Amino acid sequence: MAKRLLRSLTPDDLRGRRVLVRADLNVPLDGSSVTDDTRIRASVPTLDFLTGAGARVILMSHLGRPKGSPDPAFSLAPVATRLAELVAAPVRFVGDTVGQEARDASEALQDGEILLLENTRFLSGETTDDPDLAGALAGLGSLYVNDAFGTAHRAHASTAGVAQAVRAAGGMAVAGFLLEKELTFLGEALADPERPFVAILGGAKISGKIDVVEALLPRVDRLLVGGAMANTFFLALGLDVGKSLVEEDRVEMARELMDRAGDRLLLPVDCRVSDRIAPDARVRTVARDGVTGDDLIGDIGPETEGIYREVIRGARTVLWNGPMGVFEMEPFAHGTLSLARAVAEATDDGAVSVLGGGDSAAAAEAAEVAERLSHVSTGGGASLEFLAGAELPGVAALSDLEAE
Ligand code: ADP
Ligand code: MG
């Protein structure tokens with residue numbers, strides 16, 4: 001069901017209103033400095049829109065995995081400092097989430113100001129979607145904006161419970177700009193892709209992605225498989241994979257998938273192997289039936305790169321999840337970087353490209369093509385669950401377009 005969008009609200013709806021925003025500000029920290037502010041920057045359009053309209057923004061997020069109680073190492077204070085440099089509005093921070101201090105600070109907010117609350121995971125009710133906590137959060141605002149795609153697949157008090165509580169109190173719960181963009185790109189890629197529709201799947205394991213494969217299989221024109229995931233398919237073909245990473249218990253599943261997919265599923269024809277996976281490994285290229293003994297497959301080979309690149313260049317829609325090799329190490333990065341460039345080139349030629357997965361996003365950054373892709377999802381697990389067809393609790397809890 002389509003959801004209400006922040007985009008559809010007018011300045012008159014927002015001026016002077018206390019708006020509770022759930023963003024995904026879960027950024028890496030080194031002590032008290034933010035080492036990668038991508039997620040903070042991704043939240044800016046929603047915050048600028050709200051403060052520009054004169055709303056009083058009460059902002060919340062989780063950070064890291066504190067154990068349901070305050071832990072200074074996971075304070076959002078450094079995030080407030082960085083956020084203040086990125087938005088025009090004044091940013092205040094309070095070291096409390098739903099207590100008296102937080103309520104007082106939210107009461108003191110002026111039009112066009114932002115108050116960042118302390119880490120929602122300092123509270124034990126967050127991850128259990130405790131109704132009391134959700135109600136206390138809902139008490140801070142009369143409009144709820146969810147912009148945290150990265151946690152939308154979790155039913156937490158600050159994602160699902162609060163949306164229900166705000167609506168129960170007569171308010172509205174809407175999707176912010178980032179959440180809207182994620183749902184649009186990921187949703188359209190699945191629902192109505194322009195063809196040829198090519199999916200690239202890689203990464204370490206099939207097991208974590210089987211639902212994605214199942215959801216994509218009936219829709220794609222080509223499914224390009226790489227990464228360690230391909231090794232399990234090699235076993236299903238009766239090939240020797242040496243000492244490579246495999247999932248023995250998924251061989252039967254791989255065989256069954258190959259049967260169903262027929263010639264739409266492509267596997268690597270050659271591989272880059274070594275006797276160890278290390279930054280200074282010495283790499284050989286072998287045909288896929290030439291892997292033996294102590295070989296470890298660390299990347300797809302050059303011939304595979306050529307075949308895959310050509311398929312990608314002919315696509316009108318490309319969906320990519322999972323690197324083709326151990327791209328974190330230079331000797332095994334070639335396949336992933338080469339395909340990343342092919343996806344960017346296809347996008348330059350007018351294809352729609354959507355990339356999901358945390359490591360895949362890092363690979364696109366490493367290949368310096370992230371900006372050229374149509375959409376790089378900010379949610380790792382959430383994008384996978386969405387692509388697999390699951391309903392995300394943080395989205396399901398928002399107001400329906402028709403109803404309100
Ligand atoms: P994403 O985060 O994009 O969903 P995954 O987490 O599924 O991707 O997989 C990424 C990981 O898979 C990377 O750490 C990479 O090193 C690993 N990987 C890819 N190919 C291989 C391989 N052939 N052998 C071992 N690990 C691999
Ligand atoms: Mg990953």
Side-chain angles (χ1 to χ4, degrees), residues 26 28 36 38-39 149-150 153 182 186 199-213 215-216 223-235 239-248 250 254 267-279 281 283-286 288 291 294-301 304-305 308 318-340 343 353-367 369-370 373 375-388 390:
N26 181 27
D36 178 355
T38 308
R39 285 180 169 160
F149 181 71
H153 60 313
E182 293 277 5
L186 296 173
I200 311 166
L201 276 183
K205 292 180 172 180
I206 303 188
S207 49
K209 299 189 176 175
I210 183 62
D211 294 339
V212 179
V213 179
L216 289 176
L223 184 60
L224 311 178
V225 177
M229 188 190 278
N231 301 343
T232 303
F233 285 93
F234 288 163
L235 282 187
L239 297 169
D240 186 351
V241 296
K243 297 226 161 59
S244 306
L245 184 60
V246 287
E247 291 176 281
E248 304 266 4
R250 299 290 169 163
L267 291 172
V269 295
D270 60 348
C271 315
R272 290 183 171 93
V273 300
S274 184
D275 56 355
R276 61 209 184 96
I277 301 288
V283 168
R284 288 179 299 123
T285 296
V286 294
R288 70 182 183 194
V291 181
D294 290 337
D295 288 344
L296 288 156
I297 302 172
D299 195 6
I300 58 174
T304 308
E305 265 173 41
Y308 282 13
V318 183
L319 179 69
W320 184 5
N321 173 263
M324 295 291 100
V326 186
F327 75 101
E328 300 92 334
M329 297 181 196
E330 202 269 332
F332 308 105
H334 204 278
T336 302
L337 300 185
S338 164
L339 294 204
V343 176
S353 55
V354 180
L355 188 150
D359 292 295
S360 309
E365 290 288 345
V369 300
L373 308 184
H375 181 62
V376 178
S377 177
T378 53
S383 56
L384 281 184
E385 292 207 15
F386 189 75
L387 289 174

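Since this is a predicted model, take the numbers as computed values, not measurements. Numbers here are sequence positions counted from 1. Just follow the structure's listing: the first ligand is 1, and inside any ligand the first atom is 1.
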- Note on the structure: Logged contact type for E328 with ligand 1, heavy-atom cut-off 4.0 Å, is side chain
- Message: Suppose we measure from atom 23 (N) of ligand 1 to each protein heavy atom; which comes out shortest, and what is that distance?
- Response: I297 O, 3.1 Å
- Determine whether the side chain, the backbone, both or neither of L296 has a heavy atom under 4.0 Å from any heavy atom of ligand 1. neither
- Below 3.5 angstrom, do we get any N/O pair linking D299 and ligand 1? no
- Message: Going by the closest heavy atom to atom 8 (O) of ligand 1, which one wins out of P323, G226, A362?
- Response: P323
- With backbone taken as N, CA, C and O and side chain as the heavy atoms from C-beta onward, which portion of L245 lies under 4.0 Å from ligand 1: side chain, backbone, both, or neither? side chain
- Query: Taking the side chain as C-beta and beyond, is there a heavy-atom pair between F234 and V291 under 4.5 Å?
  - Reply: no
- Verify side chain to side chain contact (heavy atoms under 4.5 Å, CB included) between F149 and L186, making sure each step is shown before the conclusion. CA-CA 11 Å; F149 181 71; L186 296 173; 3.5 Å; yes
- Query: Please state which protein non-hydrogen atom is closest to atom 12 (O) of ligand 1 and give its distance, to 0.1 Å?
  - Reply: A204 N, 3.2 Å
- For atom 19 (C) of ligand 1, what's the nearest protein heavy atom and its distance? G325 O, 3.2 Å
- Query: Where is the nearest protein heavy atom to atom 21 (C) of ligand 1: which residue, which atom, and how far?
  - Reply: A228 N, 3.4 Å
- How about L223 and V213: do any of their side-chain heavy atoms sit closer than 4.5 Å? yes
- Between S377 and F386, is any pair of side-chain heavy atoms under 4.5 Å apart? no
- Task: If you have a sec, work out which protein heavy atom is nearest atom 3 (O) of ligand 1 and how many Å separate them, to one decimal?
- Result: S360 OG, 2.5 Å
- Query: How far is atom 6 (O) of ligand 1 from its nearest protein heavy atom, and which residue and atom name does that atom have?
  - Reply: D359 OD2, 2.9 Å
- Note on the structure: Note: E305 and H334 closest approach over all heavy atoms is OE2-ND1, 2.9 Å
- At a 4.0 Å cut-off, with the gap strictly under it, does some heavy atom of K209 reach an atom of ligand 1? yes
- Note on the structure: So the atoms of ligand 1 within less than 4.0 Å of a heavy atom of G322 turn out to be 3 (O), 8 (O)
- Protein contact to atom 26 (N) of ligand 1 [nearest heavy atom, distance to 0.1 Å]: V326 CG2, 3.6 Å
- With only distance considered, is G227 within less than 3.5 Å of ligand 1 through an N or O on each side? no
- Given side chains that start at C-beta, do those of R272 and T285 come closer than 4.5 Å, heavy atoms only? yes
- Message: Is there a side-chain contact between V343 and V369 in this structure, where contact means two heavy atoms from C-beta onward sitting under 4.5 Å apart?
- Response: no
- Grab the two heavy atoms, one from S360 and one from G322, that are nearest each other, plus how far apart they are. OG-N, 2.6 Å
- So, do M324 and I200 sit near enough that their side-chain heavy atoms are less than 4.5 Å apart? yes
- Identity of the N, O or S atom of D359 lying closest to the Mg ion (ligand 2): OD2
- Note on the structure: Minimal heavy-atom distance between I300 and P268, with the atoms involved, is CG2-CG, 3.8 Å
- Message: If you measure every N or O of L384 against every N or O of ligand 1, does any of those distances drop under 3.5 Å?
- Response: no
- Message: Measuring only between side-chain heavy atoms, which start at C-beta, is Y308 closer than 4.5 Å to S338?
- Response: no
- Note on the structure: Honestly, for K205 the part within reach of ligand 1 (heavy atoms, under 4.0 Å) is neither
- Could you check atom 9 (O) of ligand 1 against the protein and tell me its nearest heavy-atom contact, residue, atom and distance included? G203 CA, 3.2 Å
- N or O pair under 3.5 Å between N231 and ligand 1: no
- Task: Please determine which of K243, R276, R284 meets the salt bridge (charged side-chain N to carboxylate O under 4.0 Å, His left out) test together with D295.
- Result: R284
